[in-house]
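Whatever order the structure lists ligands and atoms in, that order sets their numbers, starting from 1.
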Amino acid sequence: MSDSLHDAIQAEIAKYPDRRSAILAALRLAQAKYRWLSPEAFEEVSRCIDLPVAQCVAVASFYDMYFLEPVGEHVVEVCTNVSCALVGAADVVAAFEMELGCSLGSTSADGKVTLRPVECLGGCGWGPVVSIDHRYHEHFTADDVKPVVAGLRTSEGGH
Ligand code: FES
């Protein structure tokens, strides 16, 4: 086990009366270290927080912010829920797919960008909402896609 991750999780656990309450923070720390939640990452979290691996996976799978599969250097997430869908989210998705050469839910061939669908990002009145490396962009349009992808292709990983 990596000591730094273990220590960081223990610091989170210390903030709560019940160590299991730190599960979200522990998952976030593990993902920050490994860039996704691999089986090994889940085992580390499980040992640190004293919850079965299956329960850690169940918690992580509920939230869009946890990556259960490897991702590219950058992660683009398009809200496809109803409010964003009504104002053009499908056009944004199609433009990303075209520009990246990959379909929603996959990673570009160069490994640079993962394109994911997400449920509501909480900006329903300002859609379509796109999260790029966890930074939200409102009123995103298909015309915004090309320069964004060009920027991501030339920059280091950001999540
Ligand atoms: S439906 Fe897209 S942010 Fe809420």
Within the supplied structure, the quantity of interest is the number of heavy atoms (other residues, nucleotides, ligands) at a distance under 6.0 Å from E69 CD; does it exceed 12?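 Not more than 12 within 6.0 Å, no.
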More than 12 heavy atoms from other groups under 6.0 Å of CE on M65: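 Check passes, neighbour count above 12.
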Starting from V57, can I reach I9 by hopping between I/L/V/M/F/W/Y residues whose side chains sit under 4.5 Å apart?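 Looking at the clustering, V57 is in the same group as I9.
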Quick one: which ligand 1 atoms are inside 4.0 Å of a heavy atom on [X]?
{"X": "N81", "value": "1 (S)"}
{"X": "G123", "value": "3 (S)"}
{"X": "G122", "value": "3 (S)"}
{"X": "S83", "value": "1 (S)"}

Side chain, backbone, both or neither: C79 near ligand 1, heavy atoms under 4.0 Å: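 Just the side chain.
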Could you confirm whether C124 has any N/O/S atom lying under 2.8 Å from atom 2 (Fe) of ligand 1?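 Here the distance criterion (N, O or S atom, under 2.8 Å) is not met by C124, so no.
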Are D144 and T141 linked by a side-chain donor-acceptor pair shorter than 3.5 Å?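 A pair is found: one side chain offers a donor N or O, the other an acceptor, under 3.5 Å apart.
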Say whether E44 and Y34, considering side chains only, have a donor N or O and an acceptor N or O under 3.5 Å apart.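 Yes.
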Let me check your reading of the structure: within less than 2.8 Å of atom 4 (Fe) of ligand 1, is there an N/O/S atom from C120?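 Yes, C120 qualifies, because one of its backbone or side-chain N, O or S atoms lies under 2.8 Å.
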Against ligand 1, does G127 come closer than 4.0 Å with any heavy atom?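 Judged by the 4.0 Å heavy-atom criterion, G127 does not count as contacting ligand 1.
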Could you walk me through whether F140 and V145 pass side-chain contact (heavy atoms from CB on, under 4.5 Å), step by step? CA-CA 8 Å; F140 204 94; V145 168; 3.8 Å; yes
